[in-house]
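Reading through the structure tokens given below for one structure.
Lettering of chains follows the sequences in order, A, B, ..., and the numbering in each one begins at 1. Small disclaimer: the values here were computed from a predicted structure and weren't measured. Just the heavy atoms: all of them, side chains too, but no hydrogens, waters or symmetry mates, feed the values below.
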Amino acid sequence: MTTTIDFLSHLNPNQRRAVEHFCGPLLVVAGAGSGKTRALTYRIANLIVEHKVNPENILAVTFTNKAAREMKERIQKLFAEQMALSEFGERYDLLPEYDQVRLRSKVYKHIIKDLWCGTFHSLLSRILRFDIDKYQDEKGRTWQRNFSIFDESDAQSLVKEIVTKQLNLSDKKFNPRSVRYSISNAKNQGLSPKEYEKEEPNYKGRVIAEVYNCYQDKLAENNALDFDDLILVPVRLFQQNEQVLGYWHHKFRHILVDEYQDTNRTQYQLISLLTTFGEQKSQWNWENRSVFVVGDADQSIYSFRMADFTILLDFQQDFGDGLADEDTRSMVKLEENYRSCENILEAANHLIENNTQRIDKILKATRGEGEEIFYFQADDEVAEADFAIDKIRSLEKENPDLNWGNFSILYRTNAQSRPFEDILVRNGIPYTVVGGLKFYDRKEIKDVLGYLRAIANPADTVSLLRVINTPRRGIGKATIENLTNAAQELGTTMWEILSDETSVNTLAGRSAKSVNNFVRMISRFQQEVENLPASEILQNILDESGYVQDLHNQGNDEAEDRIRNVQELYNAVRQYEEEAEQDASLQGFLASTALSSDLDNLKEGQTAVSLMTLHSSKGLEFPIVFLVGLEQGLFPNYRSMNDPAALEEERRLCYVGITRAQERLFLSHARERRLYGTREPAVRSQFLDELPRELLATQYSRKIAYKKGDARSAPVGSNNTNNTNNTNNGKPTPNINWQVGDRVMHKSFGAGEITHIFGGGSKVSVAIKFPGLGQKIIDPRVAKLKKIE
DNA sequence: AAAATTGTTGCCAGC
DNA sequence: CAACAATTTT
């Protein structure tokens, strides 16, 4: 691998700057479709080839498992191509299949295998498999390395149990869902129960803090973590144990983070600790060390899980030189869009300009104008689906280049998929729905995984209780209650009680025999874990537990379906074992199931129409996109309509949707929609009115006739702060040296305080915190600001 | 202890 | 209109 990779030649100057970056911090502001994945993969390759960085010193954080997998594949291919030239003097794709495979596996073995590339959750669960036994929380709770990962429904049932059984509170006043949400938010902000109570000292806050505390007890009792813990625990561990932090800080010399605008405070802390070893800025040493983040504040759509895009905006202050755009060496902007046709981009740019909380960035088209955007108003949701599928059929028929996989239907909520599915089925068009009911959320899958979890982690009482009487073994409520109480009294895990036959005989009465049989079976499996691969354990469970037999006896179609799904799970284990050479353990597999998302199964080159939410579509692209259900209350969602910041997030979501389209974009809505079973009238979304009309065509006219002269200005009623002339009475703010902490007066938002300054010189923007309105980013040249003393 | 029936609540997004 | 929970029946 001595020759230089020539890939640098097909990059634009800014991409090239990003890819060639070696040490120190760099923020890559990457607009939609600007080739950021390419920048990330090429940079990793460049680090290894050009700067001789050892792959095991690289940590790359992606937003989904799918993105991680694709990134690894692309790097693998880059190296294989490189080696083809240096070893065979031949182009990779001209080599015989046999040599290609050989090259790829060689690259895998020497490079890809050692790369740490994955989501925050999967990477950190891997770190915790090494080090969680060195962690102790503020109450002295500890965990072992074979911990379980509880999913959202596990977490919610724990909360429910605590609220109703332990604290005897009404689950109406403290509904488990929202309490769980509060706890999750607390964790994502790094708050312990005590700290949360300090923040929310009212009655409700005190109760939630108490639930949170008990919830942590339960997690620890089960030797389990929830999703949020996978991030929070490593942060706390790093803060309390310098040796552990030192190890990982030393190992991960080059850190890359994709979709940085969607990181939350805890994730930021983690990156910060790993990069800086928790030291003061003056102590930092960037020799052979870098932190490289990629993101786009306009695509920040996960604030509901505490993502905070000001983290991205602060990057240069936190890690970099903090200099203005023109002078900075710690930021690169990618504004050239290689994905969408000009009409689509123009619509997207126009829409997002209605947001005040943003940094100016315009996507520049590199492709042709393309076809007009099509807008359709349907009578109801069924007619809307009819329209979309009609279009899909005719387009597919007319264009031999298109296949079903080139189409996607994007909506705001999962519930909207139904009518589209119905009509796709009726037309015999293959499709896949991403999200909704996940494979691993199915009852039969959770049951079987329950066995595996109980075997991998005997302390996992939740899983144990799930399977102890599944299938029916005559172990009933009374027996389980006795056992639970006993475990409680003795302060041990239920498994310890169960392991002792005499105890079981006294406690379980009539059911003792079945309980003991069950326990013996699980013990046997636990011993097998040492010597057998997970797939064989699973096979034994299916044979010996009677689970499949029980399904078989039911004899209906639904049961047959379930058996097939269980079989599918077996295939998944086998596949996992083949792919994951380094961690082919049962625990590794269980972690992968807990952290998998539906998206991960969406394969490239699949020839089926994709249906998914706008959130899921982030990072994807399709030649033809249908953005449906553009109605007030649905999109933007009614819960966002009275909150300016939330509304802006909805608009960003719409921006994400539009920028998924490469060639053609269809926008639609219904005039009437079924909701909760009743028909409700629907009004077209305000986002439609924020698009330039002359870009839209309808079923009646080639292009919508637009009103008088003022073609490209925003429609009446929007607050377009970039339109200097009609929002500000002509006078922009004179060039003042703004400073953080300045109190200012804004014409429509009132008094506020400057919290950040972005850029410098003549093109600054400032972030201002307005009481009650939250933080906004404003360009003082455009919006009139007055300094108040 | 399990099945059948009636009642209730919820649709925002997801690792 | 669903899924899900609580309640009653067998």
Side-chain angles (χ1 to χ4, degrees), chain A residues 61-68 118-125 149-153 155-157 160 164 171-172 175-178 180-181 184 187-188 225-232 259 262-264 266-267 300-307 381 410-419 434-438 440-441 443 469-481 510-511 514 554 591-600 612-618 629 631 633-641 643 646 649-650 652-654 656-657 673-680:
Chain A
V61 186
T62 59
F63 200 68
T64 61
N65 295 304
K66 178 170 178 268
T119 62
F120 272 109
H121 296 268
S122 69
L123 292 166
L124 293 176
S125 78
I149 299 170
F150 278 6
D151 66 24
E152 209 40 54
S153 73
Q156 246 174 64
S157 11
K160 189 180 175 185
T164 57
D171 57 354
K172 292 221 170 89
N175 114 314
R177 210 179 119 103
S178 78
R180 161 68 194 140
Y181 186 64
S184 180
K187 286 187 172 186
N188 285 323
L225 300 179
D226 65 21
F227 288 136
D228 308 315
D229 287 330
L230 293 177
I231 321 285
L232 182 56
E259 307 286 7
D262 281 320
T263 53
N264 63 37
T266 325
Q267 290 164 339
S300 162
I301 54 173
Y302 279 97
S303 72
F304 72 89
R305 56 182 206 211
M306 292 283 101
E381 74 278 0
L410 309 180
Y411 36 74
R412 177 68 239 265
T413 69
N414 279 309
Q416 286 167 254
S417 73
R418 176 64 69 75
V434 176
L437 186 70
K438 280 196 298 176
Y440 292 110
D441 286 341
K443 184 185 177 298
N469 198 33
T470 321
R472 316 247 120 90
R473 299 187 175 89
I475 302 170
K477 213 171 118 191
T479 307
I480 285 169
E481 203 164 310
R510 277 182 310 196
S511 319
S514 347
Q554 289 177 24
S592 81
T593 62
L595 303 175
S596 92
S597 81
D598 225 25
L599 257 183
D600 303 334
M612 69 188 87
T613 63
L614 288 154
H615 281 91
S616 296
S617 78
K618 189 168 84 159
E631 291 145 40
L634 186 61
F635 188 30
N637 189 267
Y638 67 99
R639 303 161 102 116
S640 319
M641 290 180 54
D643 176 349
E649 178 146 323
E650 295 283 305
R652 290 195 292 271
L653 194 53
C654 189
V656 167
R673 183 175 293 273
R674 265 198 127 78
L675 202 66
Y676 289 128
T678 52
R679 297 205 150 276
E680 298 286 346

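Residues A:K438 and A:D151 are not paired through a salt bridge, judged by the lack of any N-O separation under 4.0 Å between the basic side chain and the carboxylate.
When the side-chain nitrogen and oxygen atoms of A:R639 are compared with OP1 and OP2 of B:dC12, one or more of them lie within a distance under 4.0 Å. Look at A:Y676 and you won't find any side-chain N or O under 4.0 angstrom from OP1 or OP2 of B:dC11. Using a 4.0 Å cut-off, no side-chain N or O of A:T613 falls inside it from OP1 or OP2 of B:dC12. When the side-chain nitrogen and oxygen atoms of A:S616 are compared with OP1 and OP2 of B:dA13, none of them lie within a distance under 4.0 Å. Within the structure, every side-chain polar atom (N or O) of A:R472 is placed at least 4.0 Å from both OP1 and OP2 of B:dA1. Close to B:dA13, at under 4.0 Å from its OP1 or OP2, lies a side-chain N or O of A:N414. Dashed line: the shortest gap from a side-chain N or O of A:S597 to OP1 or OP2 of B:dC15 is under 4.0 Å.
In this pair, A:H121 and A:F227 present their aromatic rings perpendicular. The plane angle is above 60°, beyond the 30 to 60° band.
For A:R652 and B:dA13, the CZ to P distance is 18 Å, given to the nearest whole Å. Taking atom CZ of residue A:F227 and atom P of nucleotide B:dC15, one finds them 8 Å apart after rounding to whole Å. If you measure from atom CG of A:L232 to atom C1' of B:dC15, you get 15 Å, rounded to the nearest angstrom. Taking atom NE2 of residue A:H615 and atom C1' of nucleotide B:dC12, one finds them 8 Å apart after rounding to whole Å. At whole-Å resolution of the value, CD in A:E381 and C1' in C:dC1 are 12 Å apart. Following rounding to the nearest Å, A:Y440 (OH) and B:dG14 (P) show an atom-to-atom distance of 18 Å.
Of the candidates C:dA5, B:dA1, B:dA13, C:dA5 carries the atom nearest the A:K160 side chain, counting heavy atoms from C-beta on. Here the nucleotide nearest the side chain of A:F304, chosen from B:dC11, B:dG14, B:dC12, is B:dG14. Closest approach to the A:E152 side chain among B:dC12, B:dC15, B:dC11 is made by B:dC15 (side chain taken as heavy atoms from C-beta onward). Closest to the A:R674 side chain, of the nucleotides C:dC1, B:dA13, B:dG14, is C:dC1.
At a cut-off of 3.5 angstrom, counting only N and O atoms as typed in the model, there is no donor on one side facing an acceptor on the other between the side-chain of A:Q416 and the base of B:dC11.
Contacts of A:R418 with the nucleic acid, taken as non-hydrogen atoms under 4.0 Å apart, involve only primed sugar atoms and P, OP1 or OP2. Nucleic acid contact class of A:Y638 (heavy atoms, under 4.0 Å, all strands): sugar-phosphate only. Residue contacts for A:R177: at a heavy-atom cut-off of 4.0 Å it reaches the sugar-phosphate backbone alone, with no base atom in range.
C:dA6 sits 16 Å from B:dC11 when the P atoms are compared, rounded to a whole Å. When the P atom is compared between B:dA13 and C:dC4, the two are found 15 Å apart, to the nearest whole Å.
Here A:R412 pairs with A:E650 under the side-chain hydrogen bond (donor to acceptor under 3.5 Å, both in side chains) rule; sequence neighbours left out.
At a cut-off of 3.5 Å, with distance as the only test, a side-chain donor of A:S178 or A:N175 sits close to an acceptor on the other residue. A donor atom on one side chain and an acceptor atom on the other are found under 3.5 Å apart for A:S122 and A:T119.
Annotation: of the two residues near DNA chain B, A:R473 and A:A594, the 5′-most nearest-nucleotide partner is A:R473.
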